[in-house]
Structures are given as structure tokens and as C-alpha cells.
Amino acid sequence: MGAKAAGALAVAALVALPPLLPKYHLEVLISVLFWAYLGIAWNLLGGYAGQFSFGHAAFFGIGAYTSTLLLLRVGLTPWVGMVLGGALAAAFGLFEGYLSFRYGLKGPYFSLVTLAFAEMLRVVAVNTKAVGSSLGLVVPTTREAAHLFMFSGKLPYYYIILAMGALALALTWKIGRSRLGFSLAAVRENEDAAETAGVDALATKLRAMALSSFLTALGGTFYAQYFAYIDPTITFGPSVSIGALLPAIVGGAGTVLGPVLGSFVLTPLSELTRYALRGRAGADIMLYGAILVLVISFLPQGIVGLVRERRARAGRR
């Protein structure tokens with residue numbers, strides 16, 4: 001079976017099979033697509049631009065809190081609130097990125113700055129009563145209202161996150177083949193050489209920052225509506241940032257399908273280890289972490305890199 005045929009079959013299965021799945025399996029599949037989506041959003045900055053962010057929870061939280069507060073305070077539908085939250089997150093991303101890139105922060109220094117910004121927002125949210133402080137915010141779910149992003153079952157949420165992921169993938173594919181994509185690759189490989197060749201490294205990285213921030217914020221709104229509850233620790237905490245970058249790294253950073261493949265491996269693996277080691281506090285996380293270390297150590301280019309390497313070897317033979 002060719003790659004295109006396999007891809008078409010996978011898409012058909014993702015569209016047609018979920019209504020037939022048990023509730024638990026559907027929830028796992030939603031979780032897979034959700035983390036794949038966040039991985040795609042992170043990949044635009046961390047993979048294509050080579051700027052590893054450890055603080056994408058900042059944009060995630062901005063999106064979640066903006067849409068939720070607009071819904072609770074003024075009754076604005078989250079379908080509009082998520083776009084406004086995305087715009088606010090993009091503006092914050094540009095601010096954060098400009099402060100970092102303008103003064104030459106790279107590598108671990110940039111990663112630590114992004115982590116610090118996310119932690120700063122978490123502390124602000126915890127100590128601000130207007131946004132619920134440490135108690136968080138509860139999204140009302142007393143009735144089904146599609147125009148308010150509220151559904152009684154899980155299936156509508158599945159198709160929403162599936163559509164979000166498909167659109168994010170299409171955007172990533174288009175960017176990768178555009179002038180911006182080539183500029184991002186040049187900056188990632190050698191920023192000084194890219195600037196010598198005429199690439200505006202600062203503007204290029206800021207564009208990647210804005211796009212990645214915007215998409216991540218949309219994921220925050222989806223999370224808020226799906227789980228109907230948010231608090232500072234959940235939305236601005238490091239678990240979101242780590243959960244967004246791991247699928248891309250394991251699947252193949254800087255590739256279109258890397259975050260999707262990574263999520264389809266990591267999320268079920270997390271569920272299986274949690275089930276197998278239930279009752280042993282922290283044991284599932286330790287095993288999950290050990291497996292991640294092994295995967296990253298032996299697959300530095302991710303799953304996509306491994307597939308490409310094997311294809312290259314087969315071609316030489």
C-alpha cells in the first residue's frame with residue numbers, strides 16, 4: 001500500500017469510525033488529537049524556526065481565560081472568544097518574542113525566558129480574584145448549545161478538534177512550502193548565514209511566534225469548553241508546555257506529520273502506563289518518562305526521521 005493510499009485510509013477511519021467507538025476510547029482519541037494539535041502549534045516555532053519554547057502554556061492559558069471570561073462576564077460565544085483570545089495571545093507572543101530575539105536570546109536562554117513568562121502569568125492568575133484566582137473558573141454546562149460551544153456528548157468535540165488539527169496541518173504544510181518556510185529553515189540552520197543571504201531573522205522568528213501563539217490559544221479555548229473548568233495550575237502550568245513539545249520532538253520536529261505521529265504514540269502510551277500501574281502513585285509517570293528518554297536518545301530525529309533514514313537506505317540498496 002502506497003503512502004497516499006495509507007493516508008487516505010487513515011483519514012477515512014478518523015472520520016467514520018468514532019461514532020462506533022465506546023465512550024472511553026473516544027475520549028482517548030480526543031486526547032490524542034488535542035495533544036497532536038498543540039504539538040502542531042508548537043512545531044511552527046520550535047520545529048520550523050528552531051526556537052524551543054518551554055512556555056507555550058502562557059498562550060494556552062491566555063486563550064482559555066479570554067474566551068471563558070468573555071462567556072461568563074458578557075455572554076460572548078466562545079466561537080468568537082477563541083479568535084479574540086488567539087489575537088491576544090499572538091500580541092503577547094510578539095511582545096515576548098521581541099524582548100527575547102531583539103537582545104539575542106537563543107537556545108536554553110530563550111527556553112528559560114518562555115518558561116518564566118508562563119510562570120509569571122500563572123502567579124498573576126492565582127492572585128487575581130477577577131479571574132477566579134486559585135479556585136479557577138467553571139464553564140456552565142447545563143444545556144446543549146452549539147452556538148455557545150457546549151455539547152452534551154463527546155462526539156461533537158471530537159469532530160471539532162479533528163477539524164482544528166486538519167486546518168493546522170494544512171497551514172503548516174503551506175508554510176513549509178512558502179517563502180516564510182524557507183526563511184524559517186534558514187534561520188533554524190544558521191541564523192547568521194541567513195541574515196547574510198538577506199533574510200530578516202527577527203521578523204521571521206516573530207511571525208513564527210505569532211502564528212504558534214495564536215494556534216495554541218485556540219487549543220486553550222477548546223480545553224476550557226471540553227472540560228468545563230480551568231484554573232491557573234492547569235492552564236499556565238508546565239504540564240501543558242511539555243505536553244505540547246513532546247509529540248513534535250518524538251514524532252519529528254520540523255516535519256508536517258511529526259506531531260501527529262508523536263501524539264498517536266505518546267498519548268495511548270501514557271494511558272496504558274497509567275492503567276497498568278494504577279494504585280502506585282507516580283510509578284506510571286516514572287515509567288512514561290523513562291520510555292521518553294529512551295525514545296529521544298535513540299531517535300533524535302523522531303519517528304519521521306527514522307522512516308526517512310530507512311527509505312534512504314532502501315534506495316541506496
Side-chain angles (χ1 to χ4, degrees), residues 1-43 60 63-64 67 77-79 82 139-173 215-230 234 239-240 243-244 246-248 250-252 255-276 278 284 288 303-304:
M1 182 183 293
K4 291 185 178 180
L9 183 61
V11 171
L14 287 173
V15 173
L17 292 182
L20 306 177
L21 295 177
K23 181 180 178 181
Y24 172 74
H25 293 89
L26 180 61
E27 291 175 349
V28 172
L29 193 52
I30 291 173
S31 183
V32 168
L33 295 179
F34 172 73
W35 291 113
Y37 173 82
L38 291 186
I40 295 168
W42 181 92
N43 195 37
F60 182 88
S67 61
T77 171
W79 296 110
M82 70 190 307
V139 178
T141 56
T142 55
R143 59 192 178 94
E144 181 170 357
H147 68 285
L148 293 178
F149 208 137
M150 298 177 187
F151 305 95
S152 57
K154 301 294 184 181
L155 195 60
Y157 292 104
Y158 169 83
Y159 284 111
I160 290 171
I161 194 62
L162 178 64
M164 290 173 62
L167 291 173
L169 272 182
L171 177 63
T172 301
W173 181 86
L215 292 178
T216 302
L218 301 188
T221 295
F222 176 85
Y223 181 96
Q225 295 301 125
Y226 180 65
F227 288 101
Y229 174 76
I230 57 173
I234 292 174
S239 60
V240 170
L246 282 180
V250 172
T255 64
V256 176
L257 292 178
V260 179
L261 295 176
S263 185
F264 268 91
V265 170
L266 291 175
T267 306
L269 179 62
S270 176
E271 290 294 324
L272 287 173
T273 54
R274 186 181 299 112
Y275 175 79
R278 61 190 184 281
D284 60 318
Y288 183 52
I303 298 172
V304 173

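Note that the structure is predicted; figures quoted are calculated from it, not measured. FYI, the numbering just counts along the sequence from 1.
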Exercise. Could you give the distance from OG1 (T77) to CE (M82), rounded to the nearest 0.5 Å?
Worked result: 9.5 Å
For this session: Give, for atom CG of L21 and atom CD1 of I30, the distance between the pair rounded to the nearest 0.5 Å.
Result: 10.0 Å
Exercise. Could you walk me through whether L257 and I303 pass the side chain to side chain contact (heavy atoms under 4.5 Å, CB included) check?
Worked result: CA-CA 10 Å; L257 292 178; I303 298 172; over 6 Å; no
For this session: Please say whether more than 12 non-hydrogen atoms of neighbouring residues, nucleotides or ligands are located less than 6.0 Å from CH2 in W173.
Result: no
Seminar exercise, completed: Distance col, row S31:OG vs L26:CG, nearest 0.5 angstrom, shows 11.5 Å
For this session: Please lay out, stage by stage, how L171 and L215 fare under the test side chain to side chain contact (heavy atoms under 4.5 Å, CB included).
Result: CA-CA 10 Å; L171 177 63; L215 292 178; 4.0 Å; yes
For this session: To the nearest 0.5 angstrom, please state how far the CG atom of L14 sits from the CG atom of L29.
Result: 6.5 Å
Exercise. From I160 CD1 over to F34 CZ, what is the distance, rounded to the nearest 0.5 angstrom?
Worked result: 13.0 Å
Problem set entry | Residues which pass ring pair (Phe, Tyr, Trp, His ring centres under 6.0 Å) with Y37, listed by chain and number, not counting sequence neighbours | none
Exercise. Would you say the side chain of W35 lies within less than 4.5 Å of the side chain of S270, judging by non-hydrogen atoms?
Worked result: no
Exercise. Taking N43 for the side chain and T255 for the main chain, is one N or O donor matched with an acceptor at less than 3.5 Å?
Worked result: yes
Exercise. What's the shortest heavy-atom distance between I40 and V260, and which atoms?
Worked result: CD1-CG2, 4.0 Å
Would you list the atom pairs, donor with acceptor, under 3.5 Å between side chains in residues 216-223 and any protein atom, with sequence neighbours excluded?
unit_1 : atom_1 : unit_2 : atom_2 : d
T216   : OG1    : S212   : O      : 2.7
T221   : OG1    : G63    : O      : 3.1
T221   : OG1    : S67    : OG     : 3.0

Exercise. Would you say W79 and Q225 make side-chain contact, with heavy atoms under 4.5 Å?
Worked result: no
Exercise. After noting the C-alpha distance and the side-chain angles of E144 and M150, does the key distance pass the side chain to side chain contact (heavy atoms under 4.5 Å, CB included) rule?
Worked result: CA-CA 5 Å; E144 181 170 357; M150 298 177 187; 5.9 Å; no
Exercise. Side-chain contact, heavy-atom cut-off 4.5 Å: V139 with Y229?
Worked result: no
For this session: State, to 0.1 Å, how close S263 and P247 come at their nearest heavy-atom pair, and which atoms those are.
Result: N-CB, 3.8 Å
Problem set entry | By ring pair (Phe, Tyr, Trp, His ring centres under 6.0 Å) - contacts of Y157 (at least two apart) | F151, Y226
